Peer 1: 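Below you'll find the structure I mean.
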2 protein chains.
Amino acid sequence: MESQDLRKAGLKVTLPRLKVLEILETSDLRHMSAEDVYKALLEMGEEIGLATVYRVLTQFEGAGLVSRLSIDGGHAVFELEDGSHHDHLFCVRCNRIEEFIDDVIEQRQRDIAAEKGFEMTDHSLYIYGICRHCQKTK
Amino acid sequence: MESQDLRKAGLKVTLPRLKVLEILETSDLRHMSAEDVYKALLEMGEEIGLATVYRVLTQFEGAGLVSRLSIDGGHAVFELEDGSHHDHLFCVRCNRIEEFIDDVIEQRQRDIAAEKGFEMTDHSLYIYGICRHCQKTK
DNA sequence: ATATAAATGAAAAAGCTTCTCATTTACACC
DNA sequence: GGTGTAAATGAGAAGCTTTTTCATTTATAT
């Protein structure tokens, strides 16, 4: 991911944008909130305003560079877009997210949208529960 | 739904609670935000504070009388719990929600949670799109 | 170099939801 | 039927995430 991607998206190549991209690419967290990104930038020594982080992430979303996930009403998290659609398992205890892909479900969703006369634009599936790790460390 | 349900839930039978229940039962809207309920109460001549509406809805949720749906990060909507799990089709144009039940998807979700070692507590599936009606009135 | 449209930072504002705390009310008990 | 007490309520303040405003800075086309 580099300057070219930003130009293609009609976005000027600026330091905040490059740094946000860098954070998203290098963080161990695959899902980051705006706050997470903001803090990571600070740790990196970049004083980029939180408002800018929100703006940049929203623009990246518009450009298809990242996806925004809205976990259960609260705050949003962002993940780098890699072209592969996937759904999420959310651990209600440790808040970690695991991903999965299931073709059966994907197909059923398309069928249901069609049956109901919906022109499907997107979908989101979350399975909430307690992950293997948290079950042990009750 | 009546006083008994409130008592069973360990909640005192108060006017605000009875009225909120009444609104949820009689409104044509199956999904109502706290604000919707609040306004409906006002129209009904009941001056019940918004904070109380939130409190009551949250308690009802805890008591299993209503479910809370969090649509895409924004505000929450509540629906009377009727025991039947269902998923949602959300029209991104008119914000209306349709419901559906699909056993194939339900089963796959259970399987996936099991495969991943998750103890599933809940799940939510939203199909976003443009409903039949909004497609016509573009 | 320079003009200009876009981007940024900081603070304010917005929108939903929860909290605080003084006052009121439901209900168990006498 | 009174009465004490814990619970519920109302009104406003506060909390959180996110967006907006606007003056200043910056990227980029010329």
Side-chain angles (χ1 to χ4, degrees), chain A residues 2-23 29 31-42 44-63 65-79 95, chain B residues 2-23 31-42 44-63 65-78 95:
Chain A
E2 45 204 299
S3 313
Q4 301 312 322
D5 298 290
L6 294 177
R7 290 217 174 77
K8 271 183 218 155
L11 300 172
K12 286 187 184 174
V13 178
T14 63
L15 192 116
R17 288 177 181 152
L18 289 172
K19 288 301 176 185
V20 170
L21 268 189
E22 186 180 333
I23 292 293
L29 297 173
H31 303 89
M32 302 186 81
S33 67
E35 189 81 27
D36 289 336
V37 173
Y38 174 68
K39 284 183 185 154
L41 286 166
L42 284 183
M44 188 185 220
E46 297 294 340
E47 304 228 329
I48 292 172
L50 183 55
T52 298
V53 172
Y54 272 104
R55 262 188 303 240
V56 168
L57 287 171
T58 301
Q59 291 157 342
F60 284 4
E61 185 191 10
L65 298 176
V66 305
S67 304
R68 179 194 301 252
L69 314 179
S70 298
I71 302 292
D72 219 12
H75 52 284
V77 294
F78 298 82
E79 66 179 25
N95 289 9
Chain B
E2 46 203 296
S3 313
Q4 300 313 320
D5 298 290
L6 294 177
R7 290 217 175 77
K8 270 182 218 156
L11 300 171
K12 286 187 184 174
V13 178
T14 64
L15 191 113
R17 286 175 183 156
L18 289 172
K19 290 299 176 184
V20 170
L21 266 188
E22 187 180 333
I23 292 292
H31 302 90
M32 303 185 81
S33 66
E35 189 81 29
D36 289 337
V37 173
Y38 174 68
K39 284 182 185 156
L41 287 166
L42 284 183
M44 190 184 218
E46 298 293 342
E47 304 227 332
I48 293 172
L50 182 55
T52 299
V53 173
Y54 273 105
R55 261 187 303 239
V56 168
L57 287 172
T58 301
Q59 290 158 342
F60 284 3
E61 185 192 10
L65 299 176
V66 305
S67 305
R68 180 194 300 252
L69 313 180
S70 298
I71 302 291
D72 218 12
H75 52 285
V77 295
F78 298 82
N95 287 11

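The structure displayed is predicted, hence computed values, not measured ones. Below, chains carry the letters A, B, ... as their sequence lines are ordered, and counting in each starts from 1.
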Peer 1: Rounding to a whole Å, what distance do you find between B/R68:CZ and C/dC16:P?
Peer 2: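 These atoms are roughly 14 Å apart.
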Peer 1: Name the residue closer to the 5' end of DNA chain C, choosing between B/A34 and B/R7 according to the nucleotide with the nearest heavy atom.
Peer 2: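 By nearest-heavy-atom nucleotide position, the 5'-most residue is B/A34.
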Peer 1: Rounded to the Å, how far apart are B/M32 CE and C/dC16 C1'?
Peer 2: 17 Å
Peer 1: Can you build the contact string for nucleotides 5-16 of chain D? Use B for base contact, S for sugar-phosphate-only contact, and - for no protein heavy atom under 4.0 Å.
Peer 2: -BSSBBBB----
Peer 1: Quick one: is C/dT18 close enough that its OP1 or OP2 comes under 4.0 Å of any side-chain N or O from B/Y54?
Peer 2: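 No, no such contact exists.
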Peer 1: Between B/R55 and B/T58, do the side chains contain an N or O donor and an N or O acceptor separated by less than 3.5 Å?
Peer 2: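 No - no donor-acceptor pair under 3.5 Å links their side chains.
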Peer 1: Atom CG of B/L50 to atom P of C/dT17: distance rounded to whole Å?
Peer 2: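 For the pair B/L50 CG and C/dT17 P, the rounded distance is 9 Å.
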Peer 1: B/E35 CD to C/dA14 P: how many Å, rounded?
Peer 2: 15 Å
Peer 1: To the nearest angstrom, how far is B/F60 atom CZ from C/dT17 atom P?
Peer 2: 17 Å
Peer 1: Quick one: A/Q4 CD to D/dT28 P, roughly how many Å, whole number?
Peer 2: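 Whole-Å distance recorded here is 11 Å.
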Peer 1: CZ of B/R17 to CG of B/L57: how many Å apart, nearest 0.5 Å?
Peer 2: 11.5 Å
Peer 1: In Å, rounded to the nearest 0.5 Å, how long is the span from CD1 of B/I23 to CE of B/M44?
Peer 2: 4.0 Å
Peer 1: Calculate, to the nearest 0.5 Å, the distance between atoms CZ and NE2 belonging to A/R68 and A/H31 respectively.
Peer 2: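 So the gap between those two atoms works out to 14.0 Å.
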Peer 1: Nearest whole angstrom, please: distance from the C1' of C/dC27 to the CG of B/L6.
Peer 2: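 For the pair B/L6 CG and C/dC27 C1', the rounded distance is 14 Å.
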Peer 1: Can you measure from CD (B/Q59) to OG1 (B/T52) and round to the nearest 0.5 angstrom?
Peer 2: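 Taking CD in B/Q59 and OG1 in B/T52, the distance rounds to 9.5 Å.
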Peer 1: With rounding to the nearest 0.5 Å, note down the distance linking CD in A/E79 to CG in A/L69.
Peer 2: 4.5 Å
